[in-house]
There are 2 protein chains.
Amino acid sequence: MTIQSHTKSTSRSLPIALLRARETVMAPIRDMLQGIQLTEQKWRILRVLDELGEVEQSTIANEACLLLPSLTRILRTMEAEGQITRRQDSRDKRRTMVKITEEGRRILKENLETSLAISNNIEAQMGREKLDHLLDLLEELQAVKV
Amino acid sequence: MTIQSHTKSTSRSLPIALLRARETVMAPIRDMLQGIQLTEQKWRILRVLDELGEVEQSTIANEACLLLPSLTRILRTMEAEGQITRRQDSRDKRRTMVKITEEGRRILKENLETSLAISNNIEAQMGREKLDHLLDLLEELQAVKV
DNA sequence: GCAATTTAGTAAACATGTTAATGATTAAAG
DNA sequence: CTTTAATCATTAACATGTTTACTAAATTGC
């Protein structure tokens with residue numbers, strides 16, 4: 001029995017449940033990234049750029065769930081480290097177009113195997129069906145108007 | 001069609017899907033919290049303390065998904081603002097026991113209604129059954145050994 | 001055309017995330 | 001016992017999260 005008087009149990013609170021689940025999933029990924037001097041955010045950015053090609057920064061921010069001020073700083077160091085390139089868009093000079101470099105792709109490629117092993121491990125324990133169902137529900141939740 | 005050659009689509013990547021879903025759910029909660037000078041983390045801490053009573057900091061860290069160094073700083077300000085109290089455990093002097101104050105409970109109480117309205121809104125759009133199913137799957141995912 | 005508004009990105013300030021190192025205490029091993 | 005190892009919490013340093021304010025460029029409305 002708990003002491004609380006009014007609020008919902010935190011384990012049935014959607015925000016907290018999402019956070020805890022994510023911490024579980026991220027633990028081994030963080031281990032992988034620490035070995036290659038990459039943060040979780042930089043990994044997400046590389047994934048998004050690999051998926052979408054050359055895009056503007058606002059798009060990256062949306063897709064990788066980062067705010068623009070954070071992205072500005074992170075891209076600055078990623079450009080310095082040769083993982084991405086940036087150029088001003090000629091038509092709309094407000095826009096900065098970002099693209100992954102060969103070096104960036106190399107990093108993704110080198111860690112693909114580990115990354116797959118991690119998701120396979122989770123899939124083995126949860127089952128493919130449940131995992132797909134979960135992903136469907138998560139996509140549906142994202143689409144909710146708040 | 002996408003450009004990527006090898007990795008999974010980010011929308012079917014569990015870590016990114018969890019993050020995006022959470023951003024959706026948190027948006028209105030952040031709006032609520034901004035009105036009462038409370039961060040998302042402080043809100044989680046109050047929820048956990050209300051649920052568990054007097055506990056040590058490591059427990060809070062686990063339950064609220066915070067690292068101890070962050071917690072140390074946050075509790076310092078929460079203590080100064082009168083939302084929690086801290087005392088050294090007499091049996092094990094390494095431990096610090098933390099408890100929510102009346103002021104802390106008052107804050108929870110005052111925002112309970114808004115908080116409920118937010119979850120009800122999500123429930124209305126997703127349906128109670130789907131939401132329960134999602135919470136079940138998230139709990140199951142948390143239990144996976146990584 | 002032009003003033004007002006909107007949009008893309010950056011800068012600054014402060015809170016939190018994250019890792020590594022440290023101090024203090026307790027538990028374990030011998 | 002006592003040395004060693006493990007645990008709880010803090011500090012420091014740097015990266016990122018978050019809000020506000022700002023610049024520059026494009027769009028809208030008139």
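So you know, we letter chains A, B, ... as the sequences are listed, proteins then strands, and number each from 1. This is a predicted model, so every value here is computed, not measured. What's counted below: heavy atoms across the whole structure, side chains too, no hydrogens, waters or symmetry copies.
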OP1 or OP2 of [N] under 4.0 Å from side-chain N/O of [X]:
X: B/R22; N: D/dG17; value: no
X: B/Q41; N: C/dG17; value: yes
X: B/Q34; N: D/dT18; value: no

When you measure from the side chain of [X], which nucleotide among [options] comes out closest?
X: B/K93; options: C/dT10, D/dA26, C/dT25; result: C/dT25
X: B/S70; options: D/dT18, C/dT18, D/dA9; result: C/dT18
X: A/T72; options: C/dA11, C/dT19, D/dT16; result: C/dA11
X: A/D92; options: D/dA26, C/dA27, C/dT16; result: D/dA26
X: B/R73; options: D/dA13, C/dA11, D/dT18; result: D/dA13
X: A/I74; options: C/dG17, D/dG17, D/dA9; result: D/dG17
X: B/R76; options: D/dT11, C/dT26, C/dA12; result: D/dT11
X: B/S58; options: D/dC8, D/dT10, C/dG9; result: D/dC8
X: A/P69; options: C/dA24, D/dT18, C/dA8; result: D/dT18
X: B/T39; options: D/dA6, C/dT16, D/dA25; result: C/dT16

Any Lys/Arg nitrogen of [X] or [Y] sitting under 4.0 Å from an Asp/Glu carboxylate oxygen of the other?
X: A/K93; Y: A/D89; value: no
X: B/R94; Y: B/D92; value: yes
X: B/R20; Y: A/E139; value: no

Exercise. Looking at side-chain heavy atoms only, is the closest gap between A/L38 and A/Q83 below 4.5 Å?
Worked result: yes
I need the [atom1]-[atom2] distance between [X] and [N], as an integer number of Å.
X: A/E40; N: C/dG17; atom1: CD; atom2: P; answer: 12 Å
X: A/L75; N: C/dA11; atom1: CG; atom2: C1'; answer: 16 Å
X: B/Q57; N: D/dC8; atom1: CD; atom2: C1'; answer: 9 Å
X: B/W43; N: C/dA15; atom1: CH2; atom2: P; answer: 21 Å
X: A/L68; N: D/dT23; atom1: CG; atom2: P; answer: 18 Å
X: A/R30; N: C/dG17; atom1: CZ; atom2: C1'; answer: 9 Å
X: A/L33; N: C/dG17; atom1: CG; atom2: P; answer: 18 Å
X: A/M26; N: C/dT18; atom1: CE; atom2: C1'; answer: 12 Å

Problem set entry | Pairwise distance NZ(A/K130) to CG(A/L135) - rounded to 0.5 angstrom |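 Here the interatomic distance stands at 14.0 Å.
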Seminar exercise, completed: By nearest-nucleotide position on DNA chain C, the 5'-leaning member of A/R95 and A/E23 is A/R95
Problem set entry | Nearest-nucleotide comparison on DNA chain C, the residue closer to the 5′ end among B/R44 and B/R91 | B/R44
Problem set entry | side chain to side chain contact (heavy atoms under 4.5 Å, CB included) between A/I45 and A/L71, worked out | CA-CA 9 Å; A/I45 292 170; A/L71 192 61; 3.6 Å; yes
Exercise. How is A/L71 classified with respect to the nucleic acid when contacts are heavy atoms under 4.0 Å: base, sugar-phosphate, or nothing?
Worked result: nothing
